[in-house]
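Just below is one structure, and these are the notes that go with it.
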Amino acid sequence: MHGDDKPPELTKLAMPHLKDPQLADLLEELGSTIELKLPASDSLRRIAKQQRGCLAQVASRLLTSLEQGETLESCFGKLELADGSQVAAAIRGAEKTGTPELLYRLAELLRSRDELKNTIRLNWFYPCLLCIIAYILFVTSLAPLVRENNNLIALWPPATVQTSAWIHTYWWLPPCIVTVLVAASVSMLYKPRRLPASLSRYLFYSALASQLEGNVPENEAIRTAAMMANEDELLQTTNASFSTPRVRELLEREQSHSMVSQAFELHSNHTQREGPGSDSEAKLIRRAHLRQLAFACENKFRRREVLLHRIIPSLVSFGLGILFILTLVALFIAPIYREVSPL
């Protein structure tokens, strides 16, 4: 072994971790390059020089791999991204069609996901803060009040007396349990997970419509859309077409009574009875149908997120506030009032 040779494990550097907004910026920059029909190396070189931190490091590594003759898709494969399959599919679709629609859509999705994480943290902050204040108030003020006046006021409920005595010894136990639960929740929030079913179908429909609009062959368009949606069954199917059972299942999944869906059903029935008609008309109806399905899935996903991460935290905050007030009145204020009222 020569003196300047190093083992592979020593030369391999840790891969920088890109946050969702950073990856979105990179994809949008590459999308603009593809749209203007400029070399991707120019865009990566500009990012490496003008940006700082992880984004500049990743751009520099991509540029090095690109200059060594690798494709842009394979360069991104080396980044080991959590959303690597979606990024690869968006790049493949953009290069085949010459339009960056999939890259822009994926960048928008990444930014929406980052905003959703911030919304979750913000909306659940107030219920957590309310619980912390209530616990501190109970440990420092209410529980000592019960213990110190247990002989003077004989009307304390048994549960209040027992809880006050228990919290005097084990006050540290509830914060420890809550800390473990919060840590587990945070790790689950940041752990890479598969996309929700409605969002996966949205990516499938929109990617497939974009590919068909760019005159990409049917089997290649379906494969790219399957990569965007992590559809493993379709990825394992050779030469998938619109007659493939899984594709038919996805197209028939979102029931709708819109004019586009009705036109698609009428055209499908006409094709089954009398054979294929105008190819351009079929593509136009199919693309419109896919766009309509993508819109329906996106609306379903948005409604679900509003319910889970906006409405439910607000209801929890309101419910906890009412619960703490009623508990304070029933267990602490009412016994004192009943004791002193005859006087």
Side-chain angles (χ1 to χ4, degrees), residues 23 26-27 30-31 33-35 40 62 65-66 70-110 192-254 264 268 271 276 279-280 282-298 301:
L23 181 56
L26 181 58
L27 295 180
L30 292 174
T33 300
I34 293 174
E35 190 172 15
L62 289 172
S65 299
L66 204 62
E70 299 185 33
T71 64
L72 189 60
E73 183 179 343
S74 63
C75 292
F76 269 91
K78 292 183 176 181
L79 296 182
E80 301 175 358
L81 299 171
D83 306 293
S85 61
Q86 282 85 8
V87 173
I91 292 174
R92 174 181 297 187
E95 290 178 340
K96 286 183 179 298
T97 61
T99 58
E101 180 182 351
L102 292 184
L103 286 171
Y104 291 156
R105 185 172 289 116
L106 183 57
E108 181 183 357
L109 175 63
L110 291 172
R193 296 175 293 175
R194 293 183 68 91
L195 295 172
S198 56
L199 196 55
S200 295
R201 292 198 298 272
Y202 159 74
L203 288 174
F204 178 83
Y205 299 138
S206 57
L208 187 52
S210 175
Q211 295 290 285
L212 293 178
E213 193 170 359
N215 295 319
V216 176
E218 186 176 301
N219 61 331
E220 294 184 14
I222 292 176
R223 181 167 182 81
T224 300
M227 290 178 63
M228 286 289 290
N230 283 325
E231 277 287 339
D232 297 332
E233 181 180 342
L234 277 179
L235 289 174
Q236 296 172 1
T237 304
T238 306
N239 295 325
S241 66
F242 285 101
S243 60
T244 301
R246 178 56 180 166
V247 177
R248 289 206 311 268
E249 178 185 353
L250 288 170
L251 294 179
E252 297 170 359
R253 193 156 195 160
E254 301 295 329
F264 177 76
S268 300
T271 301
D279 186 57
S280 59
K283 288 183 178 180
L284 179 62
I285 294 177
R286 193 180 295 279
R287 287 200 305 268
H289 184 235
L290 289 169
R291 300 284 187 190
Q292 190 269 333
L293 292 177
F295 179 73
C297 288
E298 184 180 19
F301 173 74

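Of the possible donor and acceptor atoms, one in the side chain of Gln86 sits under 3.5 Å from a partner among the backbone N and O of Met228. Within the 3.5 Å criterion, the main-chain N or O of Glu220 finds a donor-acceptor partner in the side chain of Thr224. Not one N or O on the side chain of Arg248 forms a donor-acceptor pair closer than 3.5 Å with the backbone of Phe242.
Considering Leu208, Leu251, Leu250 as possible partners of Leu293, the one that fulfils the side-chain contact (heavy atoms from CB on, under 4.5 Å) test is Leu251.
Using a 4.5 Å heavy-atom cutoff, the side chains of Tyr205 and Glu298 are not in contact. A 4.5 Å side-chain heavy-atom check between Arg223 and Leu235 finds at least one atom pair inside the cut-off.
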With side-chain contact (heavy atoms from CB on, under 4.5 Å) as the test, would you mind laying out the steps for Leu203 and Leu109 before giving the verdict? CA-CA 10 Å; Leu203 288 174; Leu109 175 63; 3.9 Å; yes
Walk me through whether Ser200 and Asn230 qualify under side chain to side chain donor-acceptor pair (under 3.5 Å). CA-CA 7 Å; Ser200 295; Asn230 283 325; 5.9 Å; no
Step by step, would you call Val87 with Leu79 a side-chain contact (heavy atoms from CB on, under 4.5 Å)? CA-CA 11 Å; Val87 173; Leu79 296 182; over 6 Å; no
Test side-chain contact (heavy atoms from CB on, under 4.5 Å) applied to Leu23 and Leu27, step by step: CA-CA 6 Å; Leu23 181 56; Leu27 295 180; 4.2 Å; yes
Run the side-chain contact (heavy atoms from CB on, under 4.5 Å) test on Ile91 and Thr71 for me, step by step, so that the C-alpha distance in whole Å, both residues' side-chain angles and the decisive distance to 0.1 Å come before the verdict. CA-CA 10 Å; Ile91 292 174; Thr71 64; over 6 Å; no
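Residues passing the side-chain contact (heavy atoms from CB on, under 4.5 Å) test with Ala240 are Ile222, Leu234, Thr237, Thr244, sequence neighbours excluded.
Scanning all heavy atoms of the two residues, the minimum distance from Thr97 to Ser210 falls at CG2-O, 4.1 Å. When every heavy atom of Ser206 is checked against every heavy atom of Leu102, the shortest pair comes out as O-CD2, 4.5 Å.
Atom OH of Tyr104 has more than 12 neighbouring heavy atoms from other residues, nucleotides or ligands inside a 6.0 Å radius.
Using a 4.0 Å cut-off between a side-chain N of Lys or Arg and a carboxylate O of Asp or Glu, Arg291 and Glu213 qualify as a salt bridge.
The structure places CD of Gln211 at 11.5 Å from CG of Leu290, a figure rounded to the nearest 0.5 Å.
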